[in-house]
Amino acid sequence: MATFFGEVVVAPSRAGLDEEEEAREETPEDREIRREIEKKRYRQSCSGGREIDVLWTWKSGGCAEEPLVCSRFIVAIGRNAAAFLSSFILDSVCWEVIGVVKLWNEWCRTSSTTNVLPTDSFCLFYRLVSDPTVLLCQCSCYVAEDQQFQWLEKVFGSMQKKDLQVTILSTCPVADYKTQESTLTLASPFLKALKTKEFQEQVCCPLLEQPNIVRDLPAA
Amino acid sequence: MFIPCDRGGGSAAPDFKGFTLLMPAVSVGNVGQLAIDLVISTLNMTKIGYFYTDCLVPMVGNNPYATAEENSTELSINAEVYSLPSKKLVVLQIRSPFIKNKYRPFCETLLSWVKSSKCARVVLLSSSHAYQRDDEQLLGTPLRYLLTPDLEKAVGGHMQELNWKEMEKVAAYPGISDTDKVLHIPGGGITKLLFTESCSKGIEMAVLLKFCSEGDNIPDAFVLVNYLNEWLQLIKSEVSTSNNSTDPSSQWKIPSSWRLLFGNGLPPALF
């Protein structure tokens with residue numbers, strides 16, 4: 001791909017399939033590498049591969065439970081958003097931990113402990129003591145592309161979704177923001193929002209303009 | 001996998017009897033996807049649903065075809081379906097790459113959806129690495145087509161009239177003279193898989209592809225969409241009065257999301 005200055009940068013192929021061309025057989029080295037990665041993932045996660053586990057601490061055990069009644073669910077994704085919640089919202093009096101996500105991928109690993117340090121990678125769920133239908137999630141770990149769908153299904157699968165309002169907080173680098181002027185002169189940090197048409201309330205900041213997009217778990 | 005926009009109206013299974021499904025392959029230069037953007041934007045197509053799938057990398061943004069403040073706030077995700085009943089056209093747009101090892105399940109689900117929604121035929125827009133062309137392919141048109149046997153019977157003759165070139169097969173083992181010829185579409189993403197699966201499932205599918213390289217692929221998208229238009233006649237190619245040629249490029253509407261494809265403005269302090 002040619003950049004603004006004319007130099008050619010090798011873009012990662014957008015075909016997305018080059019490594020899986022049927023014509024090319026997997027070499028013995030490829031097979032060995034793949035097997036080792038699978039073995040490592042199995043050892044690390046202890047639940048067979050890239051599975052993620054959502055452990056609700058308020059449940060007494062067993063599989064078939066009624067869904068969690070939830071009216072407001074606030075999800076903070078990434079270290080900055082998680083730190084925001086820790087600094088301004090969460091405290092041990094008003095909020096209680098009710099769940100944790102255990103996962104492993106090449107970038108991070110979370111455990112099932114709920115006693116975490118701010119520098120750890122973790123994904124915890126809290127409930128407001130005064131109104132147990134208000135839930136909060138702090139997800140400072142990176143959820144890999146092939147785990148995002150699973151995360152969604154397992155977390156939202158445990159919830160009763162009628163009249164549920166979800167708010168997602170996350171951050172992106174200013175350098176990724178696409179705008180006519182240079183980001184160097186842009187006053188940052190700044191807020192932008194995306195909302196579904198079902199969200200009728202007032203949004204506290206401007207909406208995200210095209211051609212900007214959101215990726216990863218917040219997008220999922 | 002298909003979720004209609006209007007959930008209240010009847011069953012979830014759409015009925016596209018007699019419709020043509022137009023879709024892109026995520027391929028070199030993203031040419032197919034850019035061409036589809038031009039079709040949706042120019043024909044002002046209405047979104048009728050999306051695919052709920054774990055096979056594509058998630059992404060979300062506001063309406064990429066927004067023309068004004070009012071229509072700019074509709075969310076848009078990675079696999080959406082648009083339709084234009086007046087032209088019996090339904091279009092699938094794919095906006096992100098496949099998650100590793102998920103392209104096969106996606107192809108299977110897609111083709112069974114094609115069958116269950118009764119689409120008459122599928123047209124797949126794709127591209128292939130220009131640097132892999134052989135000596136003969138370097139000359140002449142960079143555009144190629146492929147037809148499954150079922151569609152060949154219906155429109156093969158028309159392709160001859162249009163003077164289109166069929167995608168050549170290459171030797172399975174280059175350099176060895178006596179070998180079988182196989183279809184090889186490097187950089188084409190799921191093109192070959194979808195095509196071979198459609199052949200075996202009796203689905204009428206046409207593949208239209210262009211040889212290109214990564215770079216500014218907007219001109220490639222225009223060439224590909226004009227190629228498509230020669231056959232499907234989605235827009236009228238008006239005769240240009242200045243040079244008396246029929247070049248419909250100016251009639252395709254570029255969507256607002258194509259802004260800033262190559263980065264932001266430069267800080268003045270740089271100079």
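So you know, we letter chains A, B, ... as the sequences are listed, proteins then strands, and number each from 1.
Checking side-chain atoms of T148(B) against main-chain N and O of M205(B) turns up a donor-acceptor pair under 3.5 Å.
Considering only heavy-atom pairs separated by less than 4.5 Å from chain A, the leading option among A66(B), S256(B), S213(B), G61(B) is G61(B). With chain A as the partner, the residue from T53(B), L260(B), V57(B) showing the most heavy-atom pairs under 4.5 Å is L260(B). Between chain B and the options L207(A), N212(A), I213(A), T179(A), the largest number of non-hydrogen pairs under 4.5 Å is found for T179(A).
Using a 4.5 Å cut-off between heavy atoms, N78(B) does not touch chain A at all. Proximity to chain B (any heavy atom under 4.5 Å) is restricted, for Q148(A), to the side chain, taken from C-beta onward. Only the side chain of E153(A) comes within less than 4.5 Å of a heavy atom in chain B; its backbone stays farther off. Neither the backbone nor the side chain of S72(B) comes within less than 4.5 Å of any heavy atom of chain A. Interface residue K178(A): backbone and side-chain heavy atoms are both found under 4.5 Å from chain B.
With 3.5 Å as the limit, one finds no donor-acceptor pair spanning the side chains of Q210(A) and N63(B).
Here F211(B) and Y131(B) keep their ring centres 6.0 angstrom or further from each other. Residues Y227(B) and F222(B) place their aromatic rings such that the two centres sit no closer than 6.0 Å.
In this structure the side chain of P24(B) reaches within 4.5 angstrom of the side chain of Q93(B), judged on heavy atoms.
By the 30° and 60° cut-offs, the orientation of the rings of F190(A) relative to Y177(A) is perpendicular.
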